[in-house]
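See structure below.
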Amino acid sequence: MALPPATGRVVAGVDGSQASLTAAAWAAREAALRGAELELLNVWHPPTGNIQFSPAPEELRLWEEGRTRAAADEAVGEHPALAVTARQAFGTPVKALLDALDEAALLVLGSRGLGRTGGLLLGSVGLAVLARCAKPVVIVREQRPAPETADVVVGVDLDHQWAPLLDFAAAEAALRGTAVRVVHAFDLRRLYGYGAPALEPETARELRGEAEADLRRRLRPWLGPDAPEVRVEVPQAAAASGLLGAAEGAGLVVVGRRHGGGPPGLRLGPVAHAVLHHAGCPVAVVPHP
């Protein structure tokens with residue numbers, strides 16, 4: 001199976017906050033790895049609340065525009081060959097971000113910010129973007145990035161479509177020259193419900209071994225001389241905690257979400273929610289059928 005290349009324009013939302021600037025720097029590195037263009041997008045929506053003690057709207061707009069252009073200058077300084085554009089759009093953040101992604105391949109957002117396009121991880125804007133986006137979205141936390149040699153970790157559920165997740169994770173690992181660690185949690189509660197029996201250690205090991213063998217068999221299309229190294233991990237844990245444990249020290253963790261149908265919060269799923277809130281590295285949310 002030929003791995004799809006990680007190409008296409010990268011868009012990063014910038015609102016002037018430090019978190020969004022960290023995301024912009026990550027997006028610049030990603031675009032440079034892909035040999036793609038980078039667009040830094042600020043969405044200006046005038047404040048509607050009590051702004052008595054806030055700067056005048058025009059001053060705030062100019063400040064955000066200036067911070068976006070400064071982020072573009074920094075991206076070019078770090079990656080001289082990178083084509084970077086800085087743009088300020090007007091309107092609602094969700095629509096503007098989704099419109100920008102129509103002709104791009106990847107959207108990058110900071111996990112915390114000042115409002116509107118900021119605070120995307122925990123706010124309604126971020127939830128709406130993640131739930132509606134038909135392409136991958138990466139959430140970047142405001143902290144020191146992992147080494148470039150850090151692995152790409154992807155969580156898979158054998159009962160759902162996970163080929164798009166593997167395609168994305170393998171392409172990202174190929175760009176970085178790292179391994180892909182495929183994680184499938186072996187959770188007795190999922191097999192037997194919350195009244196799961198206390199299995200004998202030998203029986204638990206056998207069941208876990210069967211799950212690992214099944215996963216390795218399904219991974220064969222992603223193995224080959226030109227593919228990145230693929231490692232398999234089957235921790236005996238709940239899905240969220242098992243994936244979070246594997247993601248410690250990773251360069252990127254990849255989770256999936258169902259594309260279409262259901263309320264936005266439900267489309268993300270509990271595992272994606274947990275990883276987005278607690279993982280210490282950037283998190284890519286990849287839609288799948």
Side-chain angles (χ1 to χ4, degrees), residues 111-112 121-122 126-127 130-131 136-141 143 146 150-170 172-173 179-219 222 230-259 261-289:
S111 65
R112 293 184 183 273
L121 176 56
L122 301 177
L127 184 63
L130 287 171
V137 178
V138 175
I139 302 295
V140 178
R141 288 193 179 278
Q143 62 182 42
D151 293 339
V152 175
V153 172
V154 54
V156 301
D157 182 344
L158 298 183
D159 295 331
H160 294 90
Q161 293 282 345
W162 46 276
L165 280 69
L166 256 296
D167 288 342
F168 182 87
E172 290 294 319
V180 178
R181 287 194 282 127
V182 182
V183 180
H184 171 63
F186 176 69
D187 187 1
L188 289 175
R189 291 181 303 177
R190 181 170 182 180
L191 292 175
Y192 299 103
Y194 280 87
L199 297 180
E200 292 292 332
E202 183 63 28
T203 302
R205 280 194 296 270
E206 289 179 1
L207 291 173
R208 186 177 173 187
E210 291 173 2
E212 182 174 344
D214 184 23
L215 177 57
R216 291 183 182 278
R217 184 177 67 255
R218 299 195 197 192
L219 285 172
W222 284 270
V230 176
R231 303 170 187 166
V232 172
E233 297 181 19
V234 185
Q236 187 168 333
S241 60
L243 183 54
L244 284 169
E248 292 184 7
L252 178 70
V253 60
V254 181
V255 296
R257 71 157 183 84
R258 296 288 297 275
H259 178 47
L266 295 179
R267 294 179 202 164
L268 286 177
V271 175
H273 267 293
V275 173
L276 282 165
H277 281 273
H278 299 294
C281 64
V283 179
V285 181
V286 178
H288 62 82

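Predicted model only: the values in this text are computed from it and were never measured. Numbers for residues simply follow the sequence, beginning at 1.
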Any residue meeting side-chain contact (heavy atoms from CB on, under 4.5 Å) with Ala173, in chain and number order, not counting sequence neighbours:
Val152, Thr178, Val180, Pro228
Do the side chains of Leu130 and Leu276 get nearer than 4.5 Å, heavy atoms only?
yes
Which atoms form the tightest heavy-atom contact between Pro282 and Gly251, and what is the distance?
CD-O, 3.5 Å
Shortest non-hydrogen contact from Gly249 toward Ala150:
O-CB, 3.5 Å
Taking all non-hydrogen atoms of both residues into account, name the closest pair between Ile139 and Ser111 and its distance.
CG2-CB, 3.8 Å
To the nearest 0.5 Å, what is the distance between NE2 (His278) and NE2 (His273)?
11.5 Å
Heavy-atom closest pair, residues Pro164 and His288
CG-CB, 4.0 Å
Residues in side-chain contact (heavy atoms from CB on, under 4.5 Å) with Ala213, at least two apart?
none
Could you give me the CA-CA distance, side-chain angles and deciding distance for Val255 and Leu165, then say whether side-chain contact (heavy atoms from CB on, under 4.5 Å) is met?
CA-CA 7 Å; Val255 296; Leu165 280 69; 5.5 Å; no
For the residue pair Val154 and Ala169, what are the closest heavy atoms and their distance?
CB-CB, 3.9 Å
Working to the nearest 0.5 Å, report the span between CZ of Arg205 and CZ of Phe186.
11.5 Å
So, do Val254 and Glu172 sit near enough that their side-chain heavy atoms are less than 4.5 Å apart?
no
With sequence neighbours left out, write down each residue that passes salt bridge (Lys or Arg N to Asp or Glu O under 4.0 Å) with Glu206, or none if nothing qualifies.
none
Among residues at least two apart in sequence or on other chains, which ones pass side-chain contact (heavy atoms from CB on, under 4.5 Å) with Ala246?
Val153, Arg181, Val183, Glu233
Considering non-hydrogen atoms only, spot the tightest contact between Pro287 and Pro136 and give its length.
CD-N, 4.0 Å
Restricting to salt bridge (Lys or Arg N to Asp or Glu O under 4.0 Å), what partner residues turn up for Arg208, sequence neighbours left out?
none
Listed partners of Leu215 passing side-chain contact (heavy atoms from CB on, under 4.5 Å), at least two apart:
Val156, Leu158, Trp162, Val182, His184, Leu219, Val232, Val234
Run Val271 and Asp157 through side-chain contact (heavy atoms from CB on, under 4.5 Å) and show every step you take.
CA-CA 10 Å; Val271 175; Asp157 182 344; over 6 Å; no
